[in-house]
Asks: 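So that we are looking at the same thing, I have put the structure below in structure tokens.
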Number of protein chains: 2
Amino acid sequence: MSSMVARVSTGAFALELLRSHSLTNLARQEIEQKIMSGELPPGAKLNENTLAAQLGVSRGPVREALRALEQTGLVRVEKNRGVFVRQIPIEEADEIYELRAALEQMVGSKLARTITRGQLKELHALIGQMDQAVARGDLDAYHSLNLRFHGALVEFAGNRKLAETYRRLVNELNLFRKNTLAQDHLPTSVREHRNIADAIESGKVEIAGALLYEHVMASRERMRIAHAALGKASGPARPAGERSAGR
Amino acid sequence: MSSMVARVSTGAFALELLRSHSLTNLARQEIEQKIMSGELPPGAKLNENTLAAQLGVSRGPVREALRALEQTGLVRVEKNRGVFVRQIPIEEADEIYELRAALEQMVGSKLARTITRGQLKELHALIGQMDQAVARGDLDAYHSLNLRFHGALVEFAGNRKLAETYRRLVNELNLFRKNTLAQDHLPTSVREHRNIADAIESGKVEIAGALLYEHVMASRERMRIAHAALGKASGPARPAGERSAGR
DNA sequence: CATCTGTAGATTGTCAACAATATACAGAAA
DNA sequence: TTTCTGTATATTGTTGACAATCTACAGATG
């Protein structure tokens with residue numbers, strides 16, 4: 001009996017996989033992963049033949065995937081020239097931060113009204129782990145936890161459209177981060193997270209929203225500073241396969 | 001001499017056209033237009049062969065365009081079944097309105113600080129036209145002016161990412177509106193627009209943001225009421241080519 | 001030497017054919 | 001009649017080939 005349940009369950013699972021896993025979707029996920037992991041850095045050219053060969057498919061699905069990724073802001077398509085991983089200019093990163101701040105303000109206000117004990121527990125757990133990561137000086141772990149913290153907030157807000165929009169923006173910011181290697185100032189960031197969680201917990205609608213807004217905008221400020229510092233040091237080295245942006 | 005300038009100028013124009021106008025882009029624009037105009041109503045099935053024939057191209061570019069449109073939220077792709085114009089359920093429209101309210105709040109606050117006299121003039125001109133449309137009882141004209149008013153606000157805010165996000169959300173809301181045929185209560189809406197413009201003009205940052213937030217949320221309320229009323233009357237008639245949404 | 005021109009190779013854009021899947025419908029069985 | 005089953009048809013998924021365009025580079029020209 002239990003084996004039958006298992007069989008049915010895996011069968012349904014496999015069916016679900018087949019339902020959405022066209023080669024186009026496979027290619028999209030795979031290419032997105034390559035970009036997010038940094039294997040394909042900003043400015044890199046995406047060769048259709050190479051990608052198709054790597055995935056073991058023809059160019060059709062790859063091209064469809066690339067057109068989809070263009071809409072998500074991860075790549076840029078130049079007719080007859082090719083597809084490139086987008087390089088987010090500082091001005092655009094600025095805009096994205098500002099937009100993201102507005103979204104998180106909404107999230108803070110909403111959560112101050114609706115958050116549950118279980119959700120609060122998750123937030124505090126993440127903050128605790130961040131403390132440890134800071135103590136260890138583990139930047140990567142902190143960055144990952146930071147993403148999870150904000151991601152959890154957005155998720156808890158219970159608005160899927162908001163979550164999807166937020167995800168898209170964060171993806172683009174991630175691209176920018178790879179460009180500049182900018183890093184936050186951690187201890188400050190952790191303290192702000194605690195204040196945010198506290199404001200949400202005590203139901204302070206306006207404060208929670210304002211704190212999240214300010215947190216994101218402060219993060220933008222730190223990004224700007226790090227960017228300016230690195231910009232002077234390394235100069236505008238441009239990856240191969242990239243043409244002048246002047247157009 | 002002037003004819004040469006003209007020739008060069010039109011030449012550059014034609015070149016610019018050719019640069020972006022791959023058949024894929026052409027197909028995307030054309031299909032999007034068909035959806036927005038209502039020629040392809042929500043729930044309608046998009047046949048690849050038919051579209052390709054109408055546009056005089058092969059299925060390849062059409063498929064790429066459809067994959068792009070999927071990411072913008074205008075269509076839904078079901079593997080091996082086809083592509084359908086999305087039907088936005090009321091719950092999703094709710095979410096979009098809430099998100100849009102947050103964005104417009106940001107717009108209001110920003111504009112209260114940055115708006116120029118010329119921009120204010122444009123806004124007042126639009127409001128004046130709305131008055132006339134209401135006096136004539138011209139619903140279509142009013143709706144169009146309403147879109148332009150909010151579009152102008154968003155544009156004036158000077159954040160391209162915000163503008164792009166906003167455009168996407170409004171497109172989806174437009175899809176929902178076609179579903180329900182819901183209409184705003186005009187006189188109330190006009191008064192709110194005037195209050196918003198005044199708050200922006202007098203530089204009241206918080207008030208302008210709050211008014212725009214409330215305006216959008218009130219608009220959502222009116223939408224809900226109209227939707228509920230129509231829902232009872234007409235029943236859930238489902239367009240042809242559509243399968244049960246239960247999955 | 002610098003710049004231009006033309007050609008060879010690589011890459012993208014587009015198409016048409018084939019394979020895999022879903023849909024519609026006729027006929028059988030209860 | 002209703003329901004099931006099998007088959008014909010239509011539609012989507014995928015591929016490989018060809019055309020159009022761009023890039024790199026060698027040789028010509030000043």
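Reminder, nothing fancy here: chain letters follow the sequence lines and each chain counts from 1.
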Asks: B:G60 near the nucleic acid: base, sugar-phosphate alone, or nothing, with a heavy-atom cut-off under 4.0 Å?
Replies: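 Since no nucleic acid heavy atom lies under 4.0 Å of B:G60, the category is nothing.
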Asks: Not counting sequence neighbours, which residues clear side-chain contact (heavy atoms from CB on, under 4.5 Å) with B:R160? List them please.
Replies: A:E95
Asks: Look at B:E32 together with B:K34 and state whether they make a salt bridge at an N to O cut-off of under 4.0 Å.
Replies: no
Asks: Looking at B:K79, does any N or O in its side chain come under 4.0 Å of the phosphate oxygens OP1/OP2 on C:dA22?
Replies: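 Looking at the OP1 and OP2 atoms of C:dA22, neither is under 4.0 Å from any side-chain N or O of B:K79.
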Asks: What's the CG-P distance between B:L26 and C:dT14, to the nearest Å?
Replies: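 Going from CG in B:L26 over to P in C:dT14 covers 9 Å.
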Asks: In this structure, is the centre-to-centre distance between the rings of B:Y166 and B:H150 below 6.0 Å?
Replies: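 Judged by ring-centre distance (under 6.0 Å), B:H150 and B:Y166 do not meet the cut-off.
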Asks: OP1 or OP2 of D:dG13 less than 4.0 angstrom from a side-chain nitrogen or oxygen of B:R67, does that happen here?
Replies: yes
Asks: Please give, in whole Å, the distance from C:dT11 P to A:F84 CZ?
Replies: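 In whole Å, C:dT11 P and A:F84 CZ are 12 Å from each other.
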Asks: From CG of B:L66 over to P of D:dT11, roughly how many Å is that when rounded to an integer?
Replies: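 Whole-Å distance recorded here is 15 Å.
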Asks: Does A:N49 reach a base, just sugar-phosphate, or nothing at all? Heavy atoms under 4.0 Å.
Replies: base
Asks: Taking only the side-chain heavy atoms of B:K45 (C-beta and beyond), determine which of D:dT14, C:dT14, D:dT12 contains the nearest atom.
Replies: D:dT12
Asks: Please state how far atom CZ in A:R63 lies from atom C1' in D:dT15, giving the value in whole angstrom units.
Replies: 14 Å
Asks: Between D:dT14, D:dG13, C:dT12, which nucleotide gets closest to the side-chain atoms of B:N80?
Replies: D:dG13
Asks: Send over the distance from A:E78 CD to D:dA20 C1', rounded to a whole Å.
Replies: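 Answer to the nearest Å: 17 Å.
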Asks: Would a 4.5 Å heavy-atom cut-off, applied to side chains only, mark A:Y213 and A:E104 as touching?
Replies: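 With C-beta onward as the side chain, the pair stays apart.
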Asks: Less than 3.5 Å between a donor and an acceptor, one on the side chain of B:R81 and one on the base of D:dG13, is that the case here?
Replies: no
Asks: Can you check the A:E48 CD to D:dG16 P distance for me, whole Å?
Replies: 15 Å
Asks: I'd like to check the side chain to side chain donor-acceptor pair (under 3.5 Å) partners of A:R63; sequence neighbours left out, ordered by chain and number.
Replies: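 In terms of side chain to side chain donor-acceptor pair (under 3.5 Å), with neighbours along the sequence ignored, A:R63 is linked to A:E48, B:E64.
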Asks: Using atom CZ of B:R59 as one end and atom C1' of D:dA10 as the other, report the distance to the nearest whole Å.
Replies: 11 Å
Asks: Give one of base, sugar-phosphate or nothing for A:V57, where a contact means two heavy atoms less than 4.0 Å apart.
Replies: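 If one applies the 4.0 Å heavy-atom cut-off, A:V57 turns out to touch the sugar-phosphate alone, with no base involved.
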Asks: Starting at atom CG of B:L55, determine the distance to atom C1' of C:dT14, rounded to an integer number of angstrom.
Replies: 14 Å
